[in-house]
Amino acid sequence: NNGKQYGSEGKGSSSISSDVSSSTDHTPTKAQKNVATSEDSDLSMRTLSTPSPALICPPNLPGFQNGRGSSTSSSSITGETVAMVHSPPPTRLTHPLIRLASRPQKEQASIDRLPDHSMVQIFSFLPTNQLCRCARVCRRWYNLAWDPRLWRTIRLTGETINVDRALKVLTRRLCQDTPNVCLMLETVTVSGCRRLTDRGLYTIAQCCPELRRLEVSGCYNISNEAVFDVVSLCPNLEHLDVSGCSKVTCISLTREASIKLSPLHGKQISIRYLDMTDCFVLEDEGLHTIAAHCTQLTHLYLRRCVRLTDEGLRYLVIYCASIKELSVSDCRFVSDFGLREIAKLESRLRYLSIAHCGRVTDVGIRYVAKYCSKLRYLNARGCEGITDHGVEYLAKNCTKLKSLDIGKCPLVSDTGLECLALNCFNLKRLSLKSCESITGQGLQIVAANCFDLQTLNVQDCEVSVEALRFVKRHCKRCVIEHTNPAFF
């Protein structure tokens with residue numbers, strides 16, 4: 001292509017620059033200058049509706065010039081990050097008045113020798129904004145960058161990105177072959193994009209019927225209505241992360257969808273993974289609605305949903321009997337009665353986090369240990385009501401336990417550790433941080449029986465250097481987190 005490269009300058013306008021170098025001085029004629037000026041003017045008139053790649057980039061960085069330097073493009077008119085659209089790069093200048101002097105041909109770049117399938121494989125590792133920039137290099141890269149196989153996922157990050165506009169431009173381009181729908185798009189990740197609003201989610205809902213995974217964590221401007229649109233219009237959605245979206249209080253179908261699917265609407269939401277961490281306004285009634293509509297849930301995370309109580313957990317167990325992983329960490333109103341409801345999940349439950357649930361005692365632990373015998377992970381950090389009796393009952397009933405966190409449980413001592421070591425031989429991770437009653441003797445018993453231990457946290461524990469060295473000798477792959485300056 002005679003070395004032509006396609007770049008952007010100034011206020012999002014397009015220009016064609018040549019890297020062809022001459023061994024002798026060459027002064028362009030007046031006609032050549034006029035033609036080049038005319039063509040630059042034509043390129044600068046291209047608008048956002050031109051079918052081409054979208055460039056998503058921060059507003060405070062310089063533009064991509066002459067194919068080198070910064071690979072970003074921004075709009076200086078609005079002062080915000082936008083999705084700029086450009087046409088595919090031309091292959092050569094063919095105006096009849098232009099007569100280029102005889103110049104030596106440049107050697108082909110090494111990457112241009114790669115076959116198309118290898119280039120597509122390389123592009124598959126790039127995030128969305130970098131993929132769009134690659135589409136500006138040359139015509140071949142443009143065609144490869146918009147290969148449908150590369151657009152199963154859209155991933156945008158950054159607080160300043162105008163996500164609503166970026167999603168609109170990208171979905172419009174991806175809908176060219178299949179009008180109004182993006183049949184290939186399965187995953188959209190816009191976590192941390194605080195400028196995302198209901199308008200952006202509505203674009204996704206309208207254009208992405210095959211969507212299976214949506215992550216909008218930290219996007220606190222979205223509301224229940226936008227989430228309802230997505231789950232109603234994307235029937236294959238299985239993974240939803242709305243953590244940190246403080247306005248979201250429920251997950252349900254829209255009213256229209258509920259009426260249309262009235263007899264079966266309780267089974268129409270196929271979500272299996274739901275993360276509502278830091279959704280502070282979620283209450284028991286909202287959890288009741290979620291459970292009634294998302295009956296296929298297997299992974300549910302409700303960390304720091306501080307308004308939830310034991311009553312909400314009762315609703316959850318009634319409708320969602322397939323839950324494998326559940327977190328109610330920092331839900332201060334959850335007590336032993338809530339654990340009694342959770343225990344009804346029985347052997348299906350593999351992961352449970354009740355960290356900093358101050359109302360949980362040995363009674364609740366006994367319920368879980370008795371009925372959830374296949375439990376693999378338990379986080380009970382900060383549950384100060386747990387004693388050696390609770391740990392003993394847990395160790396004898398959940399012998400396949402692999403990870404246990406009982407940090408900041410001051411009533412747990414070496415007695416509980418001994419029982420744990422003699423029953424849970426597959427233990428790989430153990431946290432005893434700030435357990436004041438733990439000594440080196442308890443650690444030595446653990447190390448002598450749990451050879452597969454990989455992580456041990458004994459920070460702020462009164463443990464001798466000799467005990468730590470004993471653990472290191474017997475558990476050679478174990479990483480010890482400690483606060484003893486004499487051990488290294």
Side-chain angles (χ1 to χ4, degrees), residues 212-213 231 236-241 243 251 264 266-277 282 284 286-303 305 308-331 334-355 357 360-381 383 386 390-391 393-406 420 423-429:
R212 295 182 179 273
R213 184 185 183 107
V231 298
N236 297 321
L237 187 66
E238 296 180 347
H239 182 115
L240 178 61
D241 183 352
S243 57
I251 306 294
L264 299 174
K267 296 184 179 180
Q268 293 305 312
I269 299 181
S270 57
I271 294 177
R272 299 180 182 273
Y273 179 106
L274 177 60
D275 191 345
M276 297 192 69
T277 299
L282 176 65
D284 290 340
L287 185 57
H288 184 186
T289 304
I290 292 171
H293 286 81
C294 306
T295 57
Q296 301 181 45
L297 276 175
T298 58
H299 297 68
L300 178 61
Y301 305 95
L302 303 170
R303 306 178 187 95
C305 294
L308 292 180
T309 69
D310 298 334
E311 185 68 10
L313 296 180
R314 186 177 71 85
Y315 294 138
L316 181 65
V317 174
I318 290 174
Y319 294 100
C320 304
S322 301
I323 290 182
K324 297 179 180 179
E325 295 193 8
L326 176 64
S327 174
V328 289
S329 298
D330 295 282
C331 296
V334 172
S335 67
D336 292 335
F337 295 102
L339 290 192
R340 183 181 65 180
E341 297 299 325
I342 292 174
K344 294 178 182 178
L345 295 171
E346 299 181 343
S347 59
R348 293 178 293 274
L349 188 65
R350 304 299 178 89
Y351 172 108
L352 177 63
S353 179
I354 52 174
C357 294
V360 172
T361 67
D362 288 343
V363 176
I365 295 297
R366 285 173 68 94
Y367 278 123
V368 173
K370 182 178 181 179
Y371 295 102
C372 305
S373 58
K374 294 186 179 180
L375 194 67
R376 300 290 191 274
Y377 175 102
L378 177 63
N379 183 356
R381 174 176 293 194
C383 297
I386 297 177
V391 175
Y393 205 87
L394 180 70
K396 290 181 178 180
N397 289 272
C398 302
T399 57
K400 296 183 179 180
L401 201 65
K402 292 185 176 181
S403 178
L404 177 63
D405 188 341
I406 47 176
L420 185 69
N423 290 275
C424 301
F425 304 108
N426 296 320
L427 200 64
K428 295 183 181 297
R429 290 179 289 275

Pair listing, salt bridge (Lys or Arg N to Asp or Glu O under 4.0 Å) test, anchored in residues 310-322, at least two apart: Glu311-Arg314

Least distance between heavy atoms, Leu427 atom then Ser403 atom: CD1-N, 4.0 Å

Rounded distance [0.5 Å steps], CG in Leu274 versus OG in Ser243: 10.0 Å

Verdict with reasoning, Leu378 to Val368, per side-chain contact (heavy atoms from CB on, under 4.5 Å): CA-CA 10 Å; Leu378 177 63; Val368 173; 5.6 Å; no

Criterion side chain to side chain contact (heavy atoms under 4.5 Å, CB included) against Leu297, the qualifying member of Leu326, Ile271, Ile251, Ile269: Ile271

CZ-NZ distance between Arg340 and Lys370, expressed to the nearest 0.5 angstrom: 12.5 Å

Derivation and outcome, side-chain contact (heavy atoms from CB on, under 4.5 Å), residues Ile354 and Ile365: CA-CA 10 Å; Ile354 52 174; Ile365 295 297; 4.1 Å; yes

Pairing residues for Phe425 by the ring pair (Phe, Tyr, Trp, His ring centres under 6.0 Å) criterion, not counting sequence neighbours: none

OH (Tyr371) with more than 12 external heavy atoms under 6.0 Å: no

Value rounded to 0.5 Å, distance of CZ in Arg212 from NE2 in His239: 14.0 Å

CG-NZ distance between Leu349 and Lys324, expressed to the nearest 0.5 angstrom: 11.5 Å

Within-4.5 Å side-chain heavy-atom neighbours: Leu282 and Ile290: yes

Leu313, Thr309, Leu316 screened by side chain to side chain contact (heavy atoms under 4.5 Å, CB included) with Asp284, the one that passes: Thr309

Qualifying residues under ring pair (Phe, Tyr, Trp, His ring centres under 6.0 Å), relative to Tyr315, sequence neighbours excluded: His288

Glu238 and Arg213: CA distance, side-chain angles, deciding distance, side-chain contact (heavy atoms from CB on, under 4.5 Å) verdict: CA-CA 6 Å; Glu238 296 180 347; Arg213 184 185 183 107; over 6 Å; no

Any residue meeting salt bridge (Lys or Arg N to Asp or Glu O under 4.0 Å) with Arg350, in chain and number order, not counting sequence neighbours: none

Side chain proximity check, Tyr273 to Glu325, heavy atoms < 4.5 angstrom: no

Stepwise side-chain contact (heavy atoms from CB on, under 4.5 Å) test for Leu352 and Leu375: CA-CA 8 Å; Leu352 177 63; Leu375 194 67; 4.2 Å; yes

Any side-chain heavy-atom pair of Asp336 and Val360 under 4.5 Å: yes

Shortest non-hydrogen contact between Cys357 and Cys383, atoms and distance: O-SG, 3.6 Å

Side chain to side chain donor-acceptor pair (under 3.5 Å) between Glu341 and Tyr367, worked out: CA-CA 9 Å; Glu341 297 299 325; Tyr367 278 123; over 6 Å; no

Minimum-distance pair of heavy atoms, taken over all atoms of Ala395 and Asn423: O-CB, 3.3 Å

Side-chain donor or acceptor of Thr361 paired with backbone N/O of Ile386 under 3.5 Å: no

Salt bridge (Lys or Arg N to Asp or Glu O under 4.0 Å) partners for Asp362, two or more places apart: none

CG on Leu240 to CE on Met276, rounded to 0.5 Å: 8.0 Å

Side-chain donor or acceptor of Asn379 paired with backbone N/O of Ala355 under 3.5 Å: no

Partners meeting salt bridge (Lys or Arg N to Asp or Glu O under 4.0 Å) with Arg272 (sequence neighbours left out): none

Tyr377, OH atom: more than 12 neighbouring heavy atoms under 6.0 Å: yes

N/O donor-acceptor pair under 3.5 Å between Arg366 side chain and Tyr393 backbone: no

Distance-minimising heavy-atom pair for Cys294 and Cys320: O-SG, 3.3 Å

Residue pair Cys305 / Cys331: nearest heavy atoms and the distance that separates them: O-SG, 3.5 Å

Distance, nearest 0.5 Å, that separates SG of Cys372 from CD1 of Ile342: 8.5 Å

